Amino acid sequence: MAKNLIIVESPAKSKTIKKFLGKNYEVVASNGHVRDMPKSQMGIDFENDFEPHYITIRGKGELLAGLRKEVKKADRVFLATDPDREGEAISWHLCQALKLDPSKTSRITFNEITKNAVRQSLKQSRDIDMDLVDAQQARRVLDRMVGYSISPLLWQKVKRGLSAGRVQSVALRIIADREAQIDAFIPKEYWTLEAQFAVKGVKKPLVAKYYGNPEKKEITSREEIQKIMEDLKDAEYQISDIRKSERVKRPPLPFTTSTLQQECAKHLNFATRKTMQVAQQLYEGIKVKGHGTIGLITYLRTDSTRISEEADQACKAFIADNYGAENVIEGTNAAKDKKKIQDAHEAIRPTYTELTPAQIKDSLSRDQFRLYQLIWKRFVASRMHSAKYETTSVKIDGNGHRFTSSGSRLVVPGFMTVYQQDDDKEEANAVLARVRAESVLSLDDLKEEQHFTQPPAHYTEASLVKALEELGIGRPSTYAPTISTLISRRYVAKEKKNLYLSELGDIVNEIMVSAFPSIVDVNFTATMEALLDGVADGSVEWKTIIRNFYPDLEQAVNQAEEALEKIEIEDEVTDEICEHCGRNMVIKYGPHGKFLACPGFPDCRNTKPYYEKIGVSCPKCGGDIVIRKTQKGRRYYGCINNPECDLMTWQKPSPEKCPDCGGMLLEKGNKLVCADPACGYLSEKPKS
């Protein structure tokens with residue numbers, strides 16, 4: 001009997017596949033990539049048309065020797081690495097490293113690790129798709145050129161150990177631009193007015209919000225709201241309009257990599273990296289009681305919302321049996337076409353809809369269960385009918401002013417029987433259901449409230465992934481490693497889900513923007529992704545991209561080396577005296593920023609926190625205001641006498657005092673703003 005060898009990436013995947021096949025199939029794992037460009041050098045032959053130089057990854061020699069023995073025993077070899085560009089490239093590298101005979105080697109792919117999918121893939125085996133391999137090679141070479149050309153420049157200009165990446169640098173710029181918007185934001189005052197009306201015959205009051213007079217009006221000052229309240233003091237109120245309507249909420253689409261990462265961040269508090277790690281476990285296979293080792297979800301790197309017809313029908317049958325046939329959606333629930341989507345894979349869905357989260361909970365870890373439950377509920381909900389709401393809106397007029405009140409009542413739950421998002425939680429207003437056009441109203445209470453507009457929100461991992469996807473930067477497989485790199489390099493600090501630009505990240509971003517504007521240009525990077533897609537579909541030759549890209553990069557690097565003023569990070573001597581040995585302490589740089597250290601190291605190991613004074617006195621206690629950092633590295637300004645004095649602000653205080661109230665002024669972009677929002681003083685920042 002002929003012996004067949006199947007090579008996959010991971011042992012977990014090989015274990016899952018092995019159970020679907022007979023004794024004449026052997027399944028082994030390569031443990032990911034087996035070849036790559038060398039770490040110690042660029043690894044690109046510029047004299048030979050940018051040909052990449054590949055070597056065996058350190059530690060993989062013994063594994064490859066074992067694979068060669070298995071290949072010799074086999075009559076046919078099937079390469080079953082992941083169904084994407086990187087998986088295709090791993091298969092090609094295995095061919096090269098193992099010197100596989102093309103006539104005895106085939107490539108197979110499956111979107112889910114199930115018996116049917118694996119057996120069907122064996123019937124539809126094919127040659128390696130060199131267009132996909134070349135697209136991956138082009139990405140790898142581009143990233144290597146950028147990283148290995150610019151990183152040494154950062155080492156020279158800033159400090160060793162820094163790195164620049166093609167996608168990473170753009171993501172850093174996006175975060176830096178948002179930080180600049182937040183710093184420059186000037187809050188504006190506005191007021192809201194809420195009325196409580198007693199409705200004759202109804203026990204609970206009707207709450208309504210001020211709308212206008214009667215056209216919509218923004219209230220921007222205390223004087224305005226006082227005048228409105230004076231007008232309303234003796235007003236008579238009547239309902240001028242009441243409307244009921246139906247609103248339909250469509251079911252959500254199944255998960256893509258991006259939307260899965262966003263929902264996991266919001267609802268499960270998972271970092272993008274953790275989401276992908278747990279999803280990989282569910283995809284490769286989990287030992288489930290009564291079923292053995294099975295893959296529980298489809299492939300996790302996708303930007304498509306397409307679902308196979310077989311999975312669609314199976315899910316609809318499950319819904320009909322468990323939730324009623326009336327809840328099954330007609331046709332398909334698919335996204336509108338987007339040019340950026342590569343429709344190579346299905347959306348992320350459970351491989352077996354009938355395996356409910358509750359049934360397999362005992363076989364999963366807590367994180368695996370929570371993620372599987374989210375994917376399962378979202379997929380089942382995507383095949384269900386829309387939810388329907390009855391909405392009621394009321395207009396109440398009095399003395400030329402108008403209040404409005406609205407609410408919704410869920411009439412048909414539809415998909416919400418299974419899955420609810422934050423925006424599905426509608427604000428119900430039970431009183432509205434009993435209000436009629438002829439209802440008699442009397443004013444019980446008026447409540448005014450002062451507000452200030454808020455700056456744009458800091459990016460979270462979820463919102464950054466969404467921004468990268470919308471801008472066409474990177475692909476599903478790159479979101480998690482890009483964010484992880486920014487955090488691990490300390491360019492970005494993560495606190496309570498928010499991402500903040502660090503001092504180091506600010507320096508690196510400034511260098512990249514000034515010296516390499518095209519590398520960190522959003523449109524340029526998105527265009528490059530489109531070109532890589534062109535390589536994958538065979539319409540663009542991969543080395544054409546490299547030939548056009550490298551000369552500009554080389555010129556920019558040469559200019560940067562000459563033009564950039566070196567940022568010296570040498571030991572700065574301070575007036576602080578070491579109490580152990582009497583030397584003047586110096587400023588050192590550590591993973592968390594600056595600190596004071598004795599220059600007598602290693603004889604004297606004394607260190608202290610370093611507080612950089614900004615030349616402004618604390619308005620509370622008169623101490624110096626210094627630059628401080630949170631535990632994660634985010635910079636803020638506080639009193640040197642902390643914790644006795646609790647002064648703290650994210651914006652830099654100005655030496656000048658507010659001319660209106662005498663309080664502290666803060667620098668926001670090119671403006672000076674009073675720290676007390678109620679004061680509202682604003683002026684141009686003096687040019688230094």
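These figures come from a predicted structure and were not determined experimentally.
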A.B. asks: So Gln168 and Thr485, side chain to side chain donor-acceptor pair (under 3.5 Å) or not? Walk me through it.
C.D. replies: CA-CA 8 Å; Gln168 164 198 320; Thr485 301; 4.8 Å; no
A.B. asks: Should we say atom CZ of Arg58 is surrounded by more than 12 heavy atoms from elsewhere, each under 6.0 Å from it?
C.D. replies: no
A.B. asks: Which atoms form the tightest heavy-atom contact between Lys13 and Thr81, and what is the distance?
C.D. replies: NZ-C, 3.8 Å
A.B. asks: State, yes or no, whether a side-chain contact exists between Glu26 and Lys73 at a heavy-atom distance under 4.5 Å.
C.D. replies: no
A.B. asks: Is any side-chain heavy atom of Phe516 closer than 4.5 Å to one of Val146?
C.D. replies: no
A.B. asks: Which residues pass the ring pair (Phe, Tyr, Trp, His ring centres under 6.0 Å) test with Phe524, not counting sequence neighbours?
C.D. replies: none
A.B. asks: Please lay out, stage by stage, how Ile519 and Phe549 fare under the test side chain to side chain contact (heavy atoms under 4.5 Å, CB included).
C.D. replies: CA-CA 10 Å; Ile519 298 293; Phe549 175 78; 3.7 Å; yes
A.B. asks: Evaluate salt bridge (Lys or Arg N to Asp or Glu O under 4.0 Å) for Lys466 paired with Glu469, printing each intermediate quantity in order.
C.D. replies: CA-CA 5 Å; Lys466 186 177 182 181; Glu469 183 189 37; over 6 Å; no
A.B. asks: Does the side chain of Tyr283 reach to within under 4.5 Å of the side chain of Asp82, using non-hydrogen atoms?
C.D. replies: yes
A.B. asks: For Leu374 and Cys264, which heavy atoms make the closest approach, and how far apart are they?
C.D. replies: CD2-SG, 3.9 Å
A.B. asks: Closest approach of Val118 and Ser121, non-hydrogen atoms and distance?
C.D. replies: O-OG, 2.6 Å
A.B. asks: Where does the angle between the aromatic ring planes of Trp92 and Tyr54 fall among parallel (under 30°), tilted (30 to 60°) and perpendicular (over 60°)?
C.D. replies: perpendicular
A.B. asks: Do other residues, nucleotides or ligands put more than 12 heavy atoms under 6.0 Å from the CG atom of Asp127?
C.D. replies: no
A.B. asks: Taking the side chain as every heavy atom from C-beta outward, state whether Arg139 and Met528 have any atom pair closer than 4.5 Å.
C.D. replies: no
A.B. asks: Report the C-alpha distance between Leu94 and Ile7 in whole Å, list the side-chain angles of each, state the deciding distance to 0.1 Å, and finish with yes or no for side chain to side chain contact (heavy atoms under 4.5 Å, CB included).
C.D. replies: CA-CA 9 Å; Leu94 283 166; Ile7 304 178; 3.8 Å; yes
A.B. asks: Heavy-atom distance under 4.5 Å between the side chains of Tyr479 and Thr272, does that happen here?
C.D. replies: no
A.B. asks: Please check if atom NZ in Lys15 has more than 12 non-hydrogen atoms from other residues, nucleotides or ligands closer than 6.0 Å.
C.D. replies: no
A.B. asks: Between Gln555 and Asp552, does any side-chain donor sit less than 3.5 Å from a side-chain acceptor?
C.D. replies: no
A.B. asks: Please give me the minimum heavy-atom distance between Ala462 and Ala265, naming the atom from each residue.
C.D. replies: CB-CB, 3.6 Å
A.B. asks: Show your working on salt bridge (Lys or Arg N to Asp or Glu O under 4.0 Å) between Asp533 and Arg85 and close with a plain yes or no.
C.D. replies: CA-CA 10 Å; Asp533 292 346; Arg85 296 175 194 176; 2.6 Å; yes
A.B. asks: Does the side chain of Thr351 reach to within under 4.5 Å of the side chain of Ile113, using non-hydrogen atoms?
C.D. replies: no
A.B. asks: Write down the atom of Ala138, the atom of Ile546, and the distance for their closest heavy-atom approach.
C.D. replies: O-CD1, 4.0 Å
A.B. asks: Which atoms form the tightest heavy-atom contact between Tyr459 and Ile175, and what is the distance?
C.D. replies: CD1-CA, 4.1 Å
A.B. asks: Is there a salt bridge (Lys or Arg N to Asp or Glu O under 4.0 Å) between Glu461 and Lys494? Walk through the geometry before answering.
C.D. replies: CA-CA 9 Å; Glu461 289 196 30; Lys494 183 181 177 184; 2.9 Å; yes
A.B. asks: Give a yes/no verdict on a cation-pi contact between Lys361 and Phe369, requiring under 6.0 Å between NZ or CZ and the six-membered ring centre and an angle within 45° of the axis.
C.D. replies: yes
A.B. asks: Could you check whether Asp49 pairs with Arg547 (Lys NZ or Arg NE/NH1/NH2 to Asp/Glu carboxylate O, under 4.0 Å)?
C.D. replies: yes
A.B. asks: Does Thr114 form a side chain to side chain donor-acceptor pair (under 3.5 Å) with Asn116? I'd like the steps, not just the answer.
C.D. replies: CA-CA 6 Å; Thr114 63; Asn116 287 344; 5.9 Å; no
A.B. asks: Determine whether Met276 and Gln261 satisfy the following criterion, side chain to side chain contact (heavy atoms under 4.5 Å, CB included), listing intermediate values before the conclusion.
C.D. replies: CA-CA 8 Å; Met276 299 307 282; Gln261 290 173 349; 3.3 Å; yes
A.B. asks: Are more than 12 heavy atoms, taken from residues, nucleotides or ligands other than Gln124, located less than 6.0 Å from that residue's CD atom?
C.D. replies: yes
A.B. asks: Is the cationic atom of Arg144 (NZ for Lys, CZ for Arg) positioned less than 6.0 Å from the six-membered ring centroid of Tyr148 and within 45 degrees of its normal?
C.D. replies: yes
A.B. asks: With side chains defined as the heavy atoms from C-beta onward, is the minimum distance between Gln373 and Lys377 less than 4.5 Å?
C.D. replies: yes
A.B. asks: Sorted by first residue and then second, give each salt bridge (Lys or Arg N to Asp or Glu O under 4.0 Å) pair with at least one member in residues 104-121; sequence neighbours left out.
C.D. replies: Glu88-Arg107, Glu112-Arg349
A.B. asks: Show the numbers, then the answer: is there a side chain to side chain contact (heavy atoms under 4.5 Å, CB included) between Asn509 and Tyr491?
C.D. replies: CA-CA 9 Å; Asn509 181 63; Tyr491 296 168; over 6 Å; no
A.B. asks: Does Gln41 have more than 12 heavy atoms from other residues, nucleotides or ligands lying within 6.0 Å of its CD?
C.D. replies: yes
A.B. asks: Decide yes or no for Lys18 and Thr293: does some side-chain heavy atom of the first lie under 4.5 Å from some side-chain heavy atom of the second?
C.D. replies: no
